[in-house]
Amino acid sequence: MILRKILLFLGTVFFICDSTAQMNNMIYIHFAPTFGVRQIDLSDSAFVVNENSKFAIEVLKFYVADFRFLNKGKEVGREKNSYHLVDVSIKSTLEFKISAPLQKEFDQLIFNLGIDSTTNVSGVLGGDLDPTKGMYWTWQSGYINFKLEGTSNLCKTRNNEFQFHLGGYQYPYSSIQEVSLLTKNDKSITIKLDIEKAMNGIDLSKQDHIMSPKSEAVVLSNKFSKAFTIE
């Protein structure tokens, strides 16, 4: 009887310690989409680039996944089997917490911008990967990794619209990108995405639509991946 009580007590202690460790390994991620120094709010998303160029954002959605934490180049923690859809029109998606049991402090954060090939061929999935989220083409083309829509006076399209739906998981049009950022060992990390920086060098008078896997989608995906920073 006494031995049973001791074992029960030890089990409770171990459970509390394990739960506390898991809580301590919760890391809060916040995405802050901007256009230059201005925060993007889709209710007021008109920006003046210069006296000849006006730009408005109507849709901004993207997938991030496979968060890894490194210390001096060595992985010390990873969030496994999870995918996050960031949709600027839904403010609650800009923030989420991830559980990544950490072996030690970290100084670098790596994550994927987009959905990996294995997940793309795994059939219809739920949660943030549910096709009803508007980020899925077909089983053959897979997921849209990054979606940006809006208007610009430079576009020669109807209503001056531009649409960039960037995806593709099969060679040679695999558009998934790895984002690597130096960071402090912090339980709360804010990641900035500067759309102005990403759009720099894109001539909307000549390129205003990407709607399927192709080489241009890979190039543009790479540009967007380089627009993430931690300050």
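Not measured: the values here are computed from a predicted model. For this chain, numbers begin at 1 and follow the sequence in order.
The structure places NZ of K206 at 12.0 Å from CG of L154, a figure rounded to the nearest 0.5 Å. One finds the CD1 atom of I29 at 8.5 Å from the CD atom of E79 (value rounded to the nearest 0.5 Å). Between atom CZ of residue F106 and atom CG of residue L182 there is a gap of 12.0 Å, rounded to the nearest 0.5 Å. Taken to the nearest 0.5 Å, the CG atom of L220 stands 10.0 Å off from the CD atom of Q177. Here the CG-CG distance, from L181 to L109, works out to 6.0 Å after rounding to the nearest 0.5 Å. A distance of 11.0 Å separates OG in S212 from NE2 in H165, rounded to the nearest 0.5 Å.
The ring-ring contact (aromatic ring centres under 6.0 Å, His included) contacts involving residues 212-231 comprise F62-F228, F111-F228, F146-F224, where partners must be two or more places apart or lie in separate chains.
Listed for the T138 side chain is a donor-acceptor partner under 3.5 Å among the backbone atoms of S141. Side-chain atoms of N112 never come within 3.5 Å of backbone atoms of G114 as a donor-acceptor pair (strictly under, hydrogens ignored). Without hydrogens or angle criteria, S174 side chain to Y171 main chain gives no donor-acceptor distance under 3.5 Å.
Atom CD of E105 is surrounded by 12 or fewer heavy atoms from other residues, nucleotides or ligands within 6.0 Å. More than 12 heavy-atom neighbours from other residues, nucleotides or ligands sit within 6.0 angstrom of NZ on K147.
Applying the under-4.5 Å side-chain rule to Ile, Leu, Val, Met, Phe, Trp and Tyr, the cluster around W137 extends to Y63, Y83, L85, I115, L125, L129, M135, Y136, W139, Y143, I144. The hydrophobic side chain of V219 is isolated, with no ILVMFWY side chain under 4.5 Å apart from it.
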Step-by-step side-chain contact (heavy atoms from CB on, under 4.5 Å) determination, V218 to S215: CA-CA 5 Å; V218 178; S215 58; 5.6 Å; no

Test log, rule side-chain contact (heavy atoms from CB on, under 4.5 Å), inputs I27 and K97: CA-CA 6 Å; I27 299 172; K97 58 186 178 180; over 6 Å; no

K187 and M26: CA distance, side-chain angles, deciding distance, side-chain contact (heavy atoms from CB on, under 4.5 Å) verdict: CA-CA 7 Å; K187 296 299 182 183; M26 282 293 182; over 6 Å; no

side-chain contact (heavy atoms from CB on, under 4.5 Å) between E216 and Y173, worked out: CA-CA 9 Å; E216 292 88 344; Y173 304 132; over 6 Å; no

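Cluster annotation: I210 and V59 are assigned to distinct hydrophobic clusters (Ile/Leu/Val/Met/Phe/Trp/Tyr, side-chain heavy-atom contacts under 4.5 Å, transitive). Residue I230 is grouped with residue V179 when hydrophobic side chains (ILVMFWY) are merged at heavy-atom distances under 4.5 angstrom, including chains of intermediate members. With hydrophobic clusters built from ILVMFWY side chains whose heavy atoms lie under 4.5 angstrom apart, F31 shares a cluster with I98. Note on L70 and L113: separate hydrophobic clusters, where clusters join Ile, Leu, Val, Met, Phe, Trp and Tyr whose side-chain heavy atoms are under 4.5 Å apart, directly or indirectly. In the hydrophobic clustering of ILVMFWY residues, with side-chain heavy atoms under 4.5 Å counting as a link, F96 and L193 come out together.
Q39 is linked by a side chain to side chain donor-acceptor pair (under 3.5 Å) to nothing, counting only residues two or more places apart in sequence or in another chain. Contacts of F47 classified as side chain to side chain contact (heavy atoms under 4.5 Å, CB included), with partners at least two apart in sequence or in another chain: F35, R38, I40, S45, F55, I57. Not counting sequence neighbours, the partners of D66 by the salt bridge (Lys or Arg N to Asp or Glu O under 4.0 Å) test are R68, R78. Listed by chain and residue number, S205 satisfy the side chain to side chain donor-acceptor pair (under 3.5 Å) test with D203 (two or more places apart in sequence, or in another chain). N145 is linked by a side chain to side chain donor-acceptor pair (under 3.5 Å) to S175, counting only residues two or more places apart in sequence or in another chain. Residues satisfying the side chain to side chain donor-acceptor pair (under 3.5 Å) criterion with D41, sequence neighbours excluded, are S43. Remark: T157 engages C155, E161, D208, H209 in a side chain to side chain contact (heavy atoms under 4.5 Å, CB included) (not counting sequence neighbours). The salt bridge (Lys or Arg N to Asp or Glu O under 4.0 Å) test applied to K192 returns E231, not counting sequence neighbours. Legend: residues meeting side chain to side chain contact (heavy atoms under 4.5 Å, CB included) with N200, ordered by chain and number and at least two apart, are absent.
When every heavy atom of A100 is checked against every heavy atom of F69, the shortest pair comes out as CB-CE1, 3.6 Å.
By the 4.5 Å heavy-atom criterion applied to side chains, I176 and D116 are counted as neighbours. A 4.5 Å side-chain heavy-atom check between D194 and P33 finds every atom pair outside the cut-off. Under the 4.5 Å side-chain criterion, counting only non-hydrogen atoms from C-beta, I110 is not in contact with F67. Residues V48 and S53 fail the side-chain proximity criterion, which asks for heavy atoms closer than 4.5 Å. With contacts defined as side-chain heavy-atom distances shorter than 4.5 Å, the pair S152/N160 does not qualify. The closest side-chain heavy-atom distance from E58 to L42 is not below 4.5 Å. Using a 4.5 Å heavy-atom threshold, the side chains of I191 and T229 count as separate. Y169 places a side-chain heavy atom less than 4.5 Å from the side chain of V121.
Side chains of S180 and Q108: a donor-acceptor N/O pair is present below 3.5 angstrom, by distance only. Side-chain contact annotation: S117 with N120, donor-acceptor N/O pair under 3.5 Å absent.
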